[in-house]
Undergrad: 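Shown below is the structure under consideration.
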Amino acid sequence: MQEREIQIARDHRGLGDEHAMLKDALLRYLDPYEQQQVQRRDVFACFVGFDFTKYKELQKLPPEQVEAKFKKLFDARVQEVMDLLKDRLGGAGMDVINFEFFLIPFPSVANFRTAFFDATGLPCDAD
């Protein structure tokens, strides 16, 4: 994976002279023989879409109440999801890996997935 990151940085060498300092710093950071490598911390980003059935409840509220109610319901659901992820990652011995989770509530993940693959023209393997 690290070799791929270095390859990506090298492939974008043509960024121009105004970005030379940034490019050089990035290459030093990715180089396993440089001191900056010691400061490196790998973090894995995970997009987690989930069905959020509370949207129907929110639609019944006056507009001025929706945001506050959404935050309250969403925060409660996020805590449940994070507890679940923590248990699953710990059970798989992955609790020592750095993750950044992006939790996105959808009225229907299945509908979003279908629309996404339709819009991108990519094949949907989830069916």
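Positions are given from 1, in the same order as the sequence printed here. The structure presented is a predicted model; accordingly, all values stated were derived computationally and were not measured.
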Undergrad: For residues 48-55, dump all side-chain donor-acceptor pairs below 3.5 Å to protein atoms at least two apart in sequence or in another chain.
TA:
| from | atom 1 | to | atom 2 | distance (Å) |
| --- | --- | --- | --- | --- |
| D51 | OD1 | V109 | N | 2.7 |
| Y55 | OH | P105 | O | 3.1 |

Undergrad: Which salt bridge (Lys or Arg N to Asp or Glu O under 4.0 Å) pairs, counting each pair once, include a residue from residues 77-86, with sequence neighbours left out?
TA: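 Qualifying pairs, neighbours excluded: R77-E80.
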Undergrad: Considering only heavy atoms from C-beta outward, does the side chain of F47 approach that of I104 to under 4.5 Å?
TA: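 Contact flag for F47/I104 side chains = yes.
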Undergrad: Give me each pair satisfying side chain to side chain donor-acceptor pair (under 3.5 Å) with a member in residues 57-69, each pair once, sequence neighbours excluded.
TA: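 Checked against side chain to side chain donor-acceptor pair (under 3.5 Å) - neighbours excluded - the pairs reaching residues 57-69 are E67-K71.
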Undergrad: Going from CZ on F101 to CZ on F44, what distance comes out if it is rounded to the nearest 0.5 angstrom?
TA: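 Spacing of CZ (F101) from CZ (F44) equals 11.0 Å.
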